[in-house]
Engineer: 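Could you have a look at this structure, given as structure tokens, before my questions?
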Amino acid sequence: MNKVRTRYAPSPTGFMHVGNLRTAIFEYLVAKHNNGEFILRIEDTDQTRKVEGAVDFIYNTLKLCNINIDEGPNNKGKYGPYIQSERLPIYKEYAEKLVQMGKAYYCFCTEERLEELRKEAEKNKVAFMYDGHCKNLSKDEIEEKIKNGEKYVIRQKMPKEGISVYNDLVYGEIKVENKLLEDQILLKSDGYPTYNFANVIDDHLMGITHVIRGNEYIMATPKYNLLYEAFGWEKPTYIHVSMVLGEDGQKLSKRNGDASFMDLYNEGYLPEAIVNYLVMLGWSPETNDEIFSMDELIKIFDPSRISKSPSVFDIKKLNWVNAHYIKKLDIESLLNITVPHLKEAYDLSDKTEEWIKKLVSIYQDHISYGKEIVEVTDLFFKEKIELNDECKEFMSAEGTNNTLKVFEKEIENIKEWTVENINDAIMLTKEKASVKGKMLYMPIRIKTTGQMHGPELPDTIFLLGKELVLNRLK
Ligand code: GLU
């Protein structure tokens, strides 16, 4: 058996939405599950979409996600270059070979002629398909045109009869009638290959055994298979994966403002959690477990369990997974994902490091992502708090005023402001006001924090400080 080799082949647009990242993770898992290699290939044949620095961006993202690249533009490897724009002579060589074999042909059709054809097709309400006009040019005609400096592309010559069939690991048998396959362009007049050509040449030359990609390529794959057959090459295993949709049911995109990996990362989502969540999006293990480390995923990943139906990116589920990971963070990592957001939102100049650390740590079990620290802690950064209706209703219960009066006295009596002393003050209130449980804690919590739930009350009161607590009690 050949060594398993998979590739992630992004276009360098400087943006990686979570659907693309999920593909990369799937490719990585298939490779590593089989002790194989994972390759990064940059597909920059559409030079208009290229963004400066995009390759570094992809490297950073994969590194953060703990996806290790075995071969790629910045790694060693014997199948390079790994950037398509640096491989133009290779594509030309193979395109010419196809022409010689009679599986491709030069096409000199002008943009105007093609435009006419497109209009015609539109008028007749049929899908546009190149009509094969240049398929049967003689050798002399071709030479003449080239001599005259006419621009040409190289097109694949499709069979006009029969059916192409292949097996996709997720979707099963895929059949397409050959007459529906267009004589697609392989090499453009500027010498750049199309994706349709480059992906085949590169996947073969780079020894790729498993191709995992979005299912928008599922119906074009028979064309790629014809190229493999023309060259007599072994075809890879195809694993097409469904789309990840936004909550609105639309395809994820930058334009729709959908979350990219970096957006999530910058909001304090943890890469391990994002990876964990994305793998479970459209793939399921044999058990009901939902939390997996990368190593565990490598062990159990089976691509035949990838689902055919589109998955919807569900931020609530991601929050749930992320909260799970946040609970396990050490304090340093927790500070890293929260403090920058606190600093941006609030003036921390009069707060000690100790105070900030304690604030963040008492909220560790209460936040789903780093930036959420801002909203849950706003009660520490304002004088006045507003009570919602539920709080107001609770406060109207009998005895709450008395409890608060007693508590206020106890707080005033505290000499040294410590969590223990605050706890004692609550205990004394319990005794002196003869209240317990909810009737003890709730009025104090509501009056001092404006909320009915939160971290341990003595910790919270400690961080609020004596002055602010007394102000709110008064
Ligand atoms: N560059 C292609 C894309 O970003 C890759 C498709 C593939 O993996 O073959 O859609």
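We count ligands from 1, going down the list as the structure has it; atoms in each ligand are counted the same way.
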Engineer: For Tyr8 and ligand 1, answer yes if some heavy atom of the residue is under 4.0 Å from a ligand atom, otherwise no.
Structural biologist: no
Engineer: Taking atom types as modelled and ignoring hydrogens, do the side chains of Asn319 and Tyr269 form a donor-acceptor contact shorter than 3.5 angstrom?
Structural biologist: yes
Engineer: Could you check atom 2 (C) of ligand 1 against the protein and tell me its nearest heavy-atom contact, residue, atom and distance included?
Structural biologist: Glu43 OE1, 3.3 Å
Engineer: Any salt bridge linking Asp168 with Lys308? Criterion: basic side-chain nitrogen under 4.0 Å from a carboxylate oxygen.
Structural biologist: no
Engineer: Looking at Lys235 and Glu229, does any basic side-chain N land under 4.0 Å from a carboxylate oxygen?
Structural biologist: yes
Engineer: May I ask you to check whether Ala9 has an N/O atom sitting below 3.5 Å from an N/O atom of ligand 1?
Structural biologist: yes
Engineer: Can you pull out the closest protein heavy atom to atom 10 (O) of ligand 1? Residue, atom name and distance to 0.1 Å, please.
Structural biologist: Tyr217 OH, 2.8 Å
Engineer: Do the ring centers of Tyr217 and Tyr195 come within less than 6.0 Å of each other?
Structural biologist: yes
Engineer: Give the residue and atom name of whichever protein heavy atom lies nearest to atom 8 (O) of ligand 1, and the separation in Å to one decimal.
Structural biologist: Arg7 NH1, 2.8 Å
Engineer: Near Arg213, which atoms of ligand 1 are under 4.0 Å from a heavy atom of that residue?
Structural biologist: 7 (C), 8 (O), 9 (O)
Engineer: Can an N or O of Glu27 be found at a distance shorter than 3.5 Å from an N or O of ligand 1?
Structural biologist: no
Engineer: Using ring centroids (six-membered ring only for Trp), state whether Phe26 and Phe301 fall under 6.0 Å.
Structural biologist: yes
Engineer: Using the side chain to side chain donor-acceptor pair (under 3.5 Å) rule, pick out the option among Arg41, Glu71, Arg7 that qualifies with Tyr82.
Structural biologist: Glu71
Engineer: I'd like to check whether Glu216 has a polar contact with ligand 1, where a contact means an N/O of the residue lying under 3.5 Å from an N/O of the ligand.
Structural biologist: no
Engineer: Quick test: of every protein heavy atom, which one is nearest to atom 6 (C) of ligand 1, and how far off is it to 0.1 Å?
Structural biologist: Tyr195 OH, 3.4 Å
Engineer: Does the ring center of Tyr277 lie less than 6.0 Å from the ring center of Phe313?
Structural biologist: yes
Engineer: For Ser11, take its heavy atoms, then give the atoms of ligand 1 lying under 4.0 Å from any of them.
Structural biologist: 1 (N), 4 (O)
